[in-house]
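Before any comments, here is the structure.
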Amino acid sequence: MMEEHTTVEGSISTLHRPESDAALERTSLTVTPQRPESTLDRSLPTPQRLEGDGSPRPSSLDEGRREESSQRSQPFSIQFEIDVVQLLLFILSVATRLWRLGFPRAVVFDELHFAKYASLYLQRIFFFDSHPPLGKMLLALAGGYSGFEGDINFDRIGAEFSPQFPVYQLRLPPALMGSLVVPIIYQICVELKMSRWSALLAGMFVLLDNALLVQSRFMLMEGMLLFFMCLSIYSFLKFRSLTHREFSVPWFFWLFLTGISYTCTLSVKYVGFFTAFVILLLFIFSVKYVGFFTAFVILLLCAKDFWFMLADNYRSDFNLIKHLFARLTFLIGVPVTFYILMFYIHLSILIKAGPHDNIMTSAFQASLEGGLAALTKGQPLHISFGSQITLRPTYHTGGKPCWLHSHAHVYPLRYSDGRGSSHQQQVTCYVFKDINNWWIVKHPDSDSMVVDDPQNLYNMEIHDEAAPVTPQSREVTCYINYNVSIFSHDVAAPITPQNQEVTCYIDYNVTMPAQNLWRVEVLNHDTDGNKWQTIKSHIRLVHVNTSQALKSTGKQLPEWGFHQLEISTDRITNQEATVWNVEEHRFTKSVEKEQQAREIAQSEMIPLEPTHLSFWTKFTELQLKMLMGKAEEMEHKYSTEPIEWPFMDKNVAYWMSPNSNAQIHLLGNPVIWYLGTLSVFGYSALLVFYLLRRRRGWFDLTMGEWNHFVFIAELLIGGYFLHYLPFFLTDSTLFLHSYLPCVIFKILAATALIDHLFVVSHRFPVLPSTVKYVTVGIILCTIYSFYKLSVFTYGGILRTKHVGNQINNIHQIYSGSNIHNVVRVYS
């Protein structure tokens, strides 16, 4: 038998192998001991094939079985490792970010907004913000845990917080998450196969950057954003390193954590989407209104990985389907579910009307407690002749909600471009509630403007276009304050001359007939019925004489129009800007006009029952407002353009003490920022150099080294530009803190470049020492720069006699104009 040829050196008499290894007994093996003989050595010997005996070469399956057997023989063993360098970096990071965390006890820059959002959460009052709510929910959670009830009394940057406001507790979550960025960056470098010294260098750069430090010490979103962004990149790299353990528990864990972490990134700011997308594409090709950028990077890289996996002919179709299903589940399905769940919690908490709900539709507002809901609950549902209504466009072209409005002022005889007008009464869209927003629906063949019986409210039925109807059933005249009716005619609108002017008709005893008939078209009659209903019905008012639709253009009128928004009619009727809904509705039974006017001004509706909207209706509307809404542009002396960010041409003053020269500025470490920017272009230039060399047949790197070099370029250089270039396409007001995710990527790029140069420098006798000395010089300059700028990081007080010396020292560090704002404070 084959067992007779088996020779085992060393004692293995205490070993009990599982049945799965029985096949090994039937092979002719010579087992060489791998370690000294010991009764505690329970690992299986490594088989070696005897030449010419015809026995099969040990396969990877056999090795896997032996590893599995070894693991089963030690079921309670735990491996625990501590990286002392990483631990020290974390301790220093926590120390720098928590030191004097409660100072200043005053509003610092955007804390004005985020502290208010946290207080509104605790009071359950609805608010609107263009970014997702995760970061603000974490601040509110910290405030609620500390006993804060949401009472605030500040309205400007620099205002003192009340003694009851938990300043330290609300600044703690961003500070702790910002502290974790340093050790995660260290570990990212390790996963990218850099040396531990290079990983230490990257951690020190993040630790000693003044801008990253300042942004993580206050109630701001970037500290949390950067933590989730780095965690998503690290999770992806860990998952990518487990290709030899497909579908194992660690493999699923890191894939799951990748999806959750990049979802948290874009749930803080949408710019994180791009990081996730890049990693996804590297999977199919290897699968924040900043988190979108992060998601974009991750998804792009994941997609790239999976694309190359498709070319592996050794993989079965079923195996590829399993990989695709796992990636779709954990990188698409789980993130989408988590994202929706977060908004479900958000909308479940914010159930009360607040200062921001007027940007939402009337139906959304009416579903909130108080505010518009108190006015609309119990109001008549169906519109009839004699109804008094306010009309609001459902689509805010100018980014602001407004109501159809008219006042006792006329269009000028001539506009600034020389065109003439009708000199009739102005009709505008007004962004505030006003008595002149109320209109009366009048039957064209009747002079009555009252509803005789509330039961007759059902008489105003709007039928389907395909059904035979009489014109009187859907043609109406709308009056303002019982005096003048709204009409349109063939006169160019003041701001958009391609459209027609809309006015309220004044009889000047000239041959100008009152063209004041409007056809009401209910657009959603399939779902909400044919009757014209309050809030629910989306209608279009089409001018009968010209067949043009009433439209809010969103354009602002000049001073003669009190800067209100223009109303016109457009021949293109099928567009969102021509859709309106009735927000408020009431009626009167008094025939006296004076009494009718008094009722309009003094009427109050008594709430009877609430208006309900489903979660999906509210979620969809909120997403459209957040993603499509145009941010209001504003001028700010510290706003910057993206072209100014890489070399930090301008700083941002976050706080200035009213009693001393102490102040806090968002001011990055110039050594790190300049080195990082130059390294991004240096790494890109080196990539092009290698490509040209390889094209000519010169291969400076092995295939494995080249693929790894390209992967780092895709992740770091691609991540940098995907987080940077989209800002050139936006027209909103931007600040330097929008560039901080790019700072992380260029720090990693600088470290990767130094690490690569050190590796290739060993081919030349002098270069290794040169790279070491230059790196040490960069570290010393970084520490010196951090020390000099720390006074503007922690809000320290400069003694008057030392101010000039301090400014001169900083001028030696900076050659740009960013420090000039600081100089002016002291001069």
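No hydrogens, no waters, no symmetry mates; every other heavy atom, side chains included, goes into these values. This is a predicted model, so every value here is computed, not measured.
Aromatic pair Phe735/Trp645: ring centres not closer than 6.0 Å. In this structure, Phe647 has its ring center no closer than 6.0 Å to that of Trp673. Between Tyr654 and Phe109, the gap from one ring centroid to the other is short of 6.0 Å. In this structure, Tyr739 has its ring center at least 6.0 angstrom away from the ring center of His723.
Remark: Arg217 engages no residue in a salt bridge (Lys or Arg N to Asp or Glu O under 4.0 Å) (not counting sequence neighbours). In terms of the salt bridge (Lys or Arg N to Asp or Glu O under 4.0 Å) criterion, Glu641 has no residue partners (sequence neighbours excluded). Thr96 is linked by a side-chain contact (heavy atoms from CB on, under 4.5 Å) to Leu207, Leu213, Tyr794, counting only residues two or more places apart in sequence or in another chain. Remark: Tyr168 pairs with no residue by the ring pair (Phe, Tyr, Trp, His ring centres under 6.0 Å) rule, at least two apart or across chains. Annotation: salt bridge (Lys or Arg N to Asp or Glu O under 4.0 Å) contacts of Lys746 (sequence neighbours excluded): none. The side-chain contact (heavy atoms from CB on, under 4.5 Å) check on Thr770 picks up Val766, Val774, with sequence neighbours excluded. In this structure Phe161 satisfies the side-chain contact (heavy atoms from CB on, under 4.5 Å) test together with Arg105, Val107, Glu111, Phe154, Phe165, Val167, Arg171, Met219, sequence neighbours excluded. Evaluation of the salt bridge (Lys or Arg N to Asp or Glu O under 4.0 Å) rule for Lys238 yields Glu191 as partners, not counting sequence neighbours. With sequence neighbours excluded, the residues that form a side-chain contact (heavy atoms from CB on, under 4.5 Å) with Pro335 are Tyr262, Thr263.
When all heavy atoms of Asn210 and Ser790 are compared, the pair lying nearest together is ND2-N, 3.8 Å. Across all non-hydrogen atoms, the minimal contact from Leu112 to Lys116 is O-CG, 3.2 Å. Annotation for Leu666 and Asn651: closest pair O-CB, 3.6 Å, computed over non-hydrogen atoms. Minimum heavy-atom separation, Cys230 to Val181: SG-CG1, 3.9 Å. In this structure, Val671 and Ser785 approach most closely via the heavy-atom pair CG2-CB, 4.1 Å. When every heavy atom of Pro646 is checked against every heavy atom of Pro642, the shortest pair comes out as CD-O, 3.4 Å.
With hydrogens and angles left out, the side-chain atoms of Tyr121 and His346 include a donor and acceptor closer than 3.5 Å. Tyr339 and Gln623 form a side-chain donor-acceptor contact under 3.5 Å, judged by distance and modelled atom types alone.
Other residues, nucleotides and ligands contribute more than 12 heavy atoms inside 6.0 Å of the CZ atom of Phe252. Within 6.0 Å of OH on Tyr344 lie no more than 12 heavy atoms contributed by other residues, nucleotides or ligands.
Counting only heavy atoms from C-beta outward, the side chains of Leu667 and Val214 never approach each other to under 4.5 Å. Side-chain contact between Glu222 and Ser216 is absent, with no heavy-atom pair separated by less than 4.5 Å. Counting heavy atoms from C-beta outward, Leu242 and His244 have side chains that approach closer than 4.5 Å. In this structure the side chain of Ser248 reaches within 4.5 angstrom of the side chain of Trp251, judged on heavy atoms. Phe728 is listed as a side-chain neighbour of Leu725, based on a closest heavy-atom distance under 4.5 Å. Between Tyr720 and Leu715, the closest side-chain pair of non-hydrogen atoms is not below 4.5 Å. The shortest distance between side-chain heavy atoms of Leu780 and Tyr784 does not fall below 4.5 Å. Two residues are said to be in side-chain contact when any heavy atoms from C-beta on lie closer than 4.5 Å; Leu753 and Leu686 meet this criterion.
From Leu138, atom CG reaches atom CG of Leu176 across 11.5 Å, with rounding to the nearest 0.5 Å. Here the straight-line distance linking atom SG of Cys781 with atom CZ of Phe786 works out to 15.5 Å at 0.5 Å rounding. Of the inter-residue distances, the one linking Leu748 atom CG with Ile233 atom CD1 reads 7.0 Å to the nearest 0.5 angstrom. For the atom pair Leu675 CG and Ile778 CD1, the distance stands at 5.0 Å (nearest 0.5 Å). Note that CE of Met224 and CG of Leu226 are 10.5 Å apart. Values are rounded to the nearest 0.5 Å. Going from atom CH2 of Trp197 over to atom CZ of Phe758 covers 10.5 Å, rounded to the nearest 0.5 Å.
Screening Trp254, Phe239, Phe227 for a ring pair (Phe, Tyr, Trp, His ring centres under 6.0 Å) involving Tyr234 leaves a single residue, Trp254. Between Leu736 and the choices Glu644, Met648, Gln215, the side-chain contact (heavy atoms from CB on, under 4.5 Å) rule is met once, by Met648.
Relative orientation of the Trp706 and Phe709 rings is parallel, given thresholds of 30° and 60° on the angle between their planes. Relative ring orientation between Trp655 and Phe103 is described as perpendicular, the plane-to-plane angle rising above 60° on a 0-90° scale split at 30° and 60°.
A donor-acceptor contact shorter than 3.5 Å links the side chain of Thr337 to the backbone of Gly333. For Asn669 (side chain) and Leu208 (main-chain N/O), a donor-acceptor pair under 3.5 Å exists by modelled atom type. Between the side chain of Ser679 and the main chain of Gly682, no donor-acceptor pair closer than 3.5 Å is present.
Applying the side chain to side chain donor-acceptor pair (under 3.5 Å) test to residues at least two apart or on different chains, the pairs with a partner in residues 80-93 are Asp83-Tyr186, Asp83-Arg196, Gln86-Gln187. Pairs of residues two or more places apart, or lying in two chains, that qualify as side chain to side chain donor-acceptor pair (under 3.5 Å) and include a residue from residues 750-760 are Ser195-Asp755, Ser198-Asp755, Tyr690-His756. Sorted by first and then second residue, the salt bridge (Lys or Arg N to Asp or Glu O under 4.0 Å) pairs with a member in residues 199-214 form an empty list; sequence neighbours excluded.
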Walk me through whether His665 and Val652 qualify under side chain to side chain contact (heavy atoms under 4.5 Å, CB included). CA-CA 6 Å; His665 289 257; Val652 183; over 6 Å; no
Please step through side chain to side chain contact (heavy atoms under 4.5 Å, CB included) for the pair Tyr683 and Leu716, ending with a clear verdict. CA-CA 10 Å; Tyr683 201 101; Leu716 304 184; over 6 Å; no
Does the side chain to side chain contact (heavy atoms under 4.5 Å, CB included) test come out yes or no for Phe330 and Ile260, once each step is laid out? CA-CA 8 Å; Phe330 289 100; Ile260 288 295; over 6 Å; no
Kindly determine whether Asp129 and Lys136 satisfy side chain to side chain contact (heavy atoms under 4.5 Å, CB included), including the steps that lead there. CA-CA 10 Å; Asp129 185 38; Lys136 297 176 280 289; 2.9 Å; yes
